[in-house]
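This report concerns only the one structure given below.
Ligands are counted one by one from 1 in listed order, and the atoms in each one are counted from 1 as well. What you are looking at is a predicted structure, and each value in this text was computed from that prediction instead of being measured.
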Amino acid sequence: MSTILFNEIIFGPIKSRRLGTSLGVNLLPRNGKWCNFDCLYCECGFNKDGKDDRKLPKREDVSTSLERVLAHYSASGEKIDTITFSGNGEPTMHPDFAEIIEDTLNLRNRYVPDAKVSVLSNGSGISKKETSEALMKVDNAILKVDSAFDRTTILINRPAYAYSIRKLKRELEPLKGRFVLQTMFLRGEFEGEVIDNTTPEEIAAWQALAAELDPREIMIYTIDRETPAKNLSKVTIQEMEQIAAPLRERGYLVKISG
Ligand code: SF4
């Protein structure tokens, strides 16, 4: 597959389906992937294919690089909608994540006050107090929950630790009404296991979980590019509309990208 790695600390801006014009921040290694999930659909590829580089950017290098780029946007008047922490893995794994968020919010306020700060995360960091507090400070803490069942999550996201939805629910309590829930819907097969988070049982449980987690917004999407696991397929927009309908009826803002 064509693995996408971001070779700079600051990359883009890219036109994001969900976030608009998005300036990316990569807190992970420039030439390798580092994540405590290993999702079947990860655009950075499987962990085993990108482990050689483990060098993380220093806090001051992130700040300097970001300031340089934001000063350019401020001077030129070109608009960016969001500064987005994503890149080659899980941004909250950076040991200075909370401090880097603080620096970023200060730089945003100074140079591009209308831009949002977004973090795309698998949610693994919220058990750490500083990370959870940092996520509460950003405009969009976008947290991945692909299934209400541990077993399905383990099949799709392949966490490197003992994953538990029950624990996640507890940890997400303080972020109720503030975070953005992000869910990838897909179907297929991997290593002899059926992958499907769109069965009636899955959807009913996911809808109930979404309401219980009570996010500010919900983003649902499906595969858009080549995936490291073969034999995965997209879900249609119509299906995602049906998945979203009961939550929209309850008043949730649900955005769909196909
Ligand atoms: S959590 Fe994100 S970076 Fe990590 S494996 Fe999954 S898709 Fe890739």
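Contacts with ligand 1 closer than 4.0 Å are made by side-chain heavy atoms of Cys35 only, the backbone lying farther away. Contacts of Asp38 with ligand 1, taken as heavy-atom pairs under 4.0 Å, involve the backbone alone. By the criterion of a heavy-atom distance under 4.0 Å, neither the backbone nor the side chain of Glu43 is placed next to ligand 1.
Distance from atom 8 (Fe) of ligand 1 to its nearest protein heavy atom, with residue and atom name: Cys42 SG, 2.3 Å. The single protein non-hydrogen atom nearest to atom 6 (Fe) of ligand 1 is Cys39 SG, 2.3 Å, given as residue, atom name and distance.
The two residues Arg110 and Glu67 come nearest to each other via the heavy atoms NH1-OE2, 3.3 Å.
Listed by number with element, the atoms of ligand 1 under 4.0 Å from a non-hydrogen atom of Asn122 are 1 (S). Interface atoms of ligand 1 facing Lys144, defined by a heavy-atom separation under 4.0 Å, are 1 (S).
Judged by distance alone, with hydrogens and angles left aside, the side-chain atoms of Asp146 form a donor-acceptor pair with the main-chain N or O of Met184 at under 3.5 Å.
Side chain to side chain, Thr198 and Arg187 meet the donor-acceptor criterion of an N or O pair below 3.5 Å. Between the side chains of Ser22 and Thr82, no donor-acceptor pair of N or O atoms lies under 3.5 Å. Using modelled atom types and a 3.5 Å distance limit, the side chains of Thr21 and Lys79 yield no donor-acceptor pair.
In this structure, Gly89 counts as a contact residue of ligand 1, since one of its heavy atoms falls inside 4.0 Å of the ligand.
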Problem set entry | Trace of the salt bridge (Lys or Arg N to Asp or Glu O under 4.0 Å) decision for Arg166 with Glu171 | CA-CA 9 Å; Arg166 189 192 290 191; Glu171 290 168 349; over 6 Å; no
